[in-house]
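Structure first, then comments.
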Amino acid sequence: MDASYVSNITEFAIVLAGFSGLVIAIGSQDGKSTPLTKHRTFCMLGLSFAAAFGSLLPTLALSFGISNIWIFSSYGFSLILLATVITLYLSTRLLLNHEERKKLRGYMYVLLIWINILLVVLLGLIPTAGLFFIALIWQLIVSAILFTRLILQS
């Protein structure tokens, strides 16, 4: 796999994050949004930016002349994913009270946290181009799901 192919993911992730601002502005009531909407937006932006920054890692490895691009990219992306998972978990605890956390579906915890933790472990154990690409695409899939939820709420 050529490392330059992954850079297209950066463009898609930034476009997805940019359109979320438009959806939030349209869907907010009197200029304010609910804590649940803020949380979903924060999660979507976190995953989009994780995919955007992660997709730049192969290019960064090429520019520094690192010989094993995919090991560098996999380890770097596992660190980005770990930071993203911790941030998403903390946002759940800090932005939402107990009643609002009950409104979150269990599958969202699986999609947002547990699968990303599994990807962190797999990227650490099996640093290959295919797994790196799957992890990037997974971030975009979950971001698109959250983006669709934001559109349907507004």
Any donor-acceptor N/O pair, Arg101 side chain to Leu96 backbone, under 3.5 Å: yes
I would like to know whether Trp114 and Leu118 meet side-chain contact (heavy atoms from CB on, under 4.5 Å); could you show each step before the answer? CA-CA 6 Å; Trp114 292 111; Leu118 176 67; over 6 Å; no
Minimum heavy-atom separation for Ala135 and Leu123, please, with both atom names. CB-CD1, 4.0 Å
According to a 4.5 Å side-chain heavy-atom criterion applied to Ile, Leu, Val, Met, Phe, Trp and Tyr, with indirect links allowed, do Trp138 and Leu88 form part of one hydrophobic cluster? yes
Applying side-chain hydrogen bond (donor to acceptor under 3.5 Å, both in side chains), name anything that partners Tyr75, two or more places apart in sequence or on another chain. none
Can you say whether the rings of Phe132 and Phe77 are parallel (under 30°), tilted (30 to 60°) or perpendicular (over 60°)? perpendicular
Please report the shortest heavy-atom distance between Leu112 and Cys43, naming the atom on each side. CD1-SG, 4.0 Å
Has Gln139 got a side-chain atom pairing as donor or acceptor with Leu136's backbone, closer than 3.5 angstrom? no
Are Ile137 and Val85 linked, directly or through other ILVMFWY residues, by side chains that come within less than 4.5 angstrom of each other? yes
What are the two closest non-hydrogen atoms of Gly54 and Pro58, and how far apart are they? O-CD, 3.7 Å
Single-linkage hydrophobic cluster Ile126~Val121, side-chain heavy atoms < 4.5 angstrom: yes
Rounded to the nearest 0.5 Å, the OG1 atom of Thr59 sits from the CZ atom of Phe64 at a distance of 12.0 Å
Contact summary for Asn116 and Leu81, nearest pair of heavy atoms: OD1-CD2, 4.2 Å
About how many Å separate CG of Leu119 and CG of Leu82, when rounded to the nearest 0.5 Å? 12.0 Å
Shared hydrophobic cluster, Trp70 / Leu131 (ILVMFWY, side-chain heavy atoms < 4.5 Å): yes
Taking side-chain hydrogen bond (donor to acceptor under 3.5 Å, both in side chains) as the test, write out the residues that go with Ser143, two or more places apart. Ser48
Nearest 0.5 Å, what's the CZ-OG1 distance between Phe49 and Thr87? 13.0 Å
The reported gap from CG in Leu47 to OG1 in Thr84 (rounded to nearest 0.5 angstrom) is 7.0 Å
ILVMFWY network linking Ile115 to Ile134, side-chain heavy atoms under 4.5 angstrom: no
Can you tell me how far CZ of Arg40 sits from CD1 of Ile145, rounded to the nearest 0.5 angstrom? 12.5 Å
Give the intermediate values and the outcome of side-chain contact (heavy atoms from CB on, under 4.5 Å) for residues Leu111 and Ile141. CA-CA 10 Å; Leu111 293 178; Ile141 289 171; over 6 Å; no
Could you grab the distance from atom OG of Ser74 to atom CG of Leu125, nearest 0.5 Å is fine? 11.0 Å
Test side-chain contact (heavy atoms from CB on, under 4.5 Å) applied to Leu60 and Phe72, step by step: CA-CA 9 Å; Leu60 185 67; Phe72 171 80; 4.2 Å; yes
Please enumerate all residues that pass side-chain hydrogen bond (donor to acceptor under 3.5 Å, both in side chains) together with Ser91, with sequence neighbours excluded. His39
With side-chain contact (heavy atoms from CB on, under 4.5 Å) as the test, would you mind laying out the steps for Ile66 and Ile71 before giving the verdict? CA-CA 10 Å; Ile66 296 173; Ile71 290 177; over 6 Å; no
